[in-house]
Amino acid sequence: MTIRELEKVSDFEWVYSKRGSMNSDIRFFCSKEILESMDQAVLDQAVNVSHLPGVVGDVVVLPDAHWGYGFPIGSVAAFDEDEGVVTVGGVGFDINCGVRTLRTNLVYHKLSEKDIEKLAQRLFENIPAGLGKEGKIKLSRKELNKVMLEGARWCLENGFATEEDIEFTEERGRVGGAVPDYVSEEAIEREEGQIGTLGSGNHYLEVQVVEEIYNGDIAQVYGLFEGQLVITIHCGSRGFGHQINTDFLKIFRTAVEKYKIPIKEKELLCAPIKSKEGEMYLGAVRCAINYAFANRQVITHLVRETVKKIFRNVEVSLLYDVAHNTVKEEVHVVNGKKRKVFVHRKGSTRGFGPGKEGIPKKYLEVGQPVIVGGSMGTASYILAGTDLAMEKTFGSTIHGAGRTLSRNQAKKNFPYEKVVKQLEMKGIKLMSASKQGVAEEAPQAYKDIDEVVKSIAKSGISTKVAKLRPIISIKG
DNA sequence: ATGTGC
C-alpha cells in the first residue's frame, strides 16, 4: 500500500479497501499532512495485520501511529472470538502501559518557586524511577498472586487506594480471567520489588498546570479548571509484563505452525483465541494488566503521601486511569449487530462515548476521560470519548504524540545537556535517572502533539477538553 | 518498553 492508493472519506478519514488476501479494510483518522508524513512501515504493518485470521471491522490507524513490533503503535484491531487470534505484537511489549491523571486543589500561581522546587525534589526522592529500579514493597508469592487476580483492588486492602481511586480506574482496576498458573517463574522473579516503580523509556511522572479549557461543560464534570495543578503518571507492568510477552513469543512460534496460521512476518506470531496457547496468553496477559493497574495505584499512594507532607489541606483525587497497551474482551456493535470481540489496542486508548457501559457514573453523560500523554516537555491533553468512536474505532483513540525518530537517532541528534537546557528555557524542571534516557526522549523525536490532537478532534473520534502544560518532569 | 532487543 502507498498513500496514493488511499481513498479520501473526509479531510480527516482515509480508507484502503480490502483487496487480495486481506481480511479487512484499513481506516486512517488523520489530516493529510500527518498521513503524508507517516512512515511507509506503518502502512505495511497495517496491511500485514489485516491479513490475520478473524479480523472484525476495520484495522484502525490513528494519527499518533508509528512503526512498532508487528503492529503499528497507535493502531486497533478487533478479532472474532471463534475465528480470531491473540498476538503479542498487538498488545505491545509493555503490557497495560497506561496513564492516570490526579487532580489537586492547588492553584499554580499561588505557589512559590520554593514550593515547586521542594515538590520536584521530594517526588524524585520518593518515586523510584529508572531501568531495573526496585521499590520499597516486596510482594510475597501469595500477595503477587492476589495482585495478578485483583489488580488495583489489592491496593484497597493494603491502604494504597481509596474506593474512589478504584471507581475511576478503567475496568475498576481489575480485568477478569487472569490465570497466574500461566505466568512463568521467570516473570515472577523479574517482578521482585518492581511494584510502585516508574521504569524508564517514555515513562514519567509529571506535575502539570491546566493551561486551557476547550469544553467548559465537560471540564466541570471532570473537575478540571484553569490554573489547577495536576499530576500525571505514565508507566506499565515493568519487567513482569515484558517477560510474559517474551515467553509467549516462544510459545506462539510453535502455535502458528501447529494451527497453520498464515502470518506475513514473524513479528505477528499469534495463536487462535480458541486454542490452549491462546487461552494461556489471555490468562497471563490479564495478570500483567492487573499488575500494571496496581503499579500505578501504588505510585498514586506515594505521590499522595509526598504532596500531603508538603502542602496543608491538599486534596489529591483521581480523574481517571487509562490503559493503552492491551487486548480486551468487549461487546461492540459491528454492522448493526452486537457482538463479543477481542480488541487489541496497541498504543491506543479506550475512549468510550456517552452512555457506554463501563464508564464511571459521574462521566456517563459526557463520555470517558482520555488522557493523552505528550512527549517530555510538551503539552498533554484531556479528551472525552464520543459516539463516533463507538461506531468507527471500537471506542478507541490516540495515546500520545507518536515517535518520528528512533531511540538511536534521537540519541545521536539531541544530547542530554541540550535537552535539559531546552526544557529549562520553557520553565520545566527535569529530574532524571538516566542521561541516555533523556536524550532518547527529546521532544524533537516526536510528532507535534498539538497536530495529532487536532486530527483526532476534527475527525470526531474524541472531543478536546483541556490542555496541560508540564512544570516538573520526572524521568526514568 | 526491557536485567539492550523478543
Side-chain angles (χ1 to χ4, degrees), chain A residues 45 64 66-75 86-99 128-135 183-195 197-205 233-256 263 265-271 277 281 284-285 288-289 291-292 295-296 299 323-327 344-349 373 375-376 399-403 405-412 432-441 445-446 475-476:
Chain A
Q45 289 192 321
D64 52 347
H66 59 283
W67 174 84
Y69 185 82
F71 280 50
I73 297 163
S75 68
V86 276
T87 79
V88 170
V91 174
F93 252 89
D94 185 13
I95 300 167
N96 190 0
C97 186
V99 228
L131 193 66
K133 191 84 179 177
E134 289 186 13
V183 174
S184 70
E185 279 305 313
E186 212 177 344
I188 287 165
E189 278 166 28
R190 273 183 76 174
E191 186 287 324
E192 202 179 342
Q194 291 201 326
I195 197 154
T197 66
L198 263 185
S200 66
N202 66 359
H203 291 168
Y204 61 75
L205 187 150
I233 299 160
H234 179 197
C235 65
S237 53
R238 311 284 281 103
F240 181 66
H242 192 276
Q243 187 59 44
I244 289 172
N245 273 342
T246 304
D247 295 336
F248 276 90
L249 279 177
K250 207 169 157 193
I251 294 169
F252 286 174
R253 206 167 294 147
T254 49
V256 288
I263 55 169
E265 62 157 315
K266 72 167 176 32
E267 292 186 355
L268 289 175
L269 289 168
C270 57
E277 293 85 346
Y281 184 57
V285 98
I289 289 176
Y291 179 87
N295 186 29
R296 291 196 288 275
I299 295 171
H324 57 227
N325 269 5
T326 56
V327 55
H344 288 71
R345 293 194 182 90
K346 165 81 169 282
S348 166
T349 311
S375 52
M376 187 176 62
H399 83 302
R403 271 191 176 275
L405 294 180
S406 72
R407 291 180 186 282
N408 270 327
Q409 284 172 306
K411 248 186 306 195
K412 272 181 216 152
S432 70
S434 143
K435 289 190 178 186
Q436 182 181 307
V438 169
E440 289 180 354
E441 294 301 318
Y446 282 85
K475 296 285 305 172

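Only heavy atoms go into these numbers, but all of them, side chains included; no hydrogens, no water, no symmetry mates. Below, chains carry the letters A, B, ... as their sequence lines are ordered, and counting in each starts from 1.
Between the CG atom of D94(A) and the C1' atom of dG5(B) there is a distance of 15 Å, rounded to whole Å. Look at CD on E267(A): it is 16 Å from P on dG5(B), rounded to the nearest Å. Spacing between atom CZ of R238(A) and atom C1' of dT4(B) amounts to 15 Å, rounded to whole angstrom units. Atom pair I95(A):CD1 and dT2(B):P shows a separation of 12 Å (rounding to whole Å applied). As a whole-Å value, the separation of E265(A) CD from dC6(B) P is 13 Å. One can place NZ of K411(A) at 11 Å from P of dT4(B), the figure rounded to the nearest angstrom. Computed from coordinates, the F93(A) CZ to dG3(B) C1' distance equals 14 Å when rounded to whole Å. Computed from coordinates, the H203(A) NE2 to dT2(B) P distance equals 5 Å when rounded to whole Å.
Looking at the side chain of Q436(A), the nearest of the listed nucleotides dT4(B), dG3(B), dC6(B) is dT4(B). Checked against dC6(B), dT2(B), dG3(B), the side chain of R190(A) finds its nearest nucleotide in dG3(B).
Remark: side-chain polar atoms of K475(A) are paired, donor with acceptor, to backbone N or O of G201(A) under 3.5 angstrom.
Here G92(A) lies out of heavy-atom contact (under 4.0 Å) with every strand. The residue L131(A) sits close to a base: some heavy atom pair falls under 4.0 Å. Here Q194(A) lies in heavy-atom contact (under 4.0 Å) with sugar-phosphate atoms only. R253(A) comes within 4.0 angstrom of the backbone, heavy atoms only, and of no base. The residue G201(A) sits close only to the backbone: its heavy atoms come under 4.0 Å of sugar-phosphate atoms, none of a base.
Nearest-nucleotide positions on DNA chain B for E441(A) and Y69(A) put E441(A) closer to the 5' end. Remark on DNA chain B: of its neighbouring residues G132(A) and K250(A), the 5'-side contact belongs to G132(A), judged by nearest-heavy-atom nucleotide.
A distance of 6.0 Å or more separates the ring centres of H234(A) and H399(A).
F248(A) is not listed as a side-chain neighbour of E277(A), based on a closest heavy-atom distance of 4.5 Å or more. Side-chain contact between K266(A) and R253(A) is absent, with no heavy-atom pair separated by less than 4.5 Å. Side-chain atoms of Q243(A) and R238(A), non-hydrogen and from C-beta on, never get closer than 4.5 Å to each other.
Contact between the side-chain N/O atoms of S200(A) and the OP1/OP2 oxygens of dT2(B) is found at a separation under 4.0 Å.
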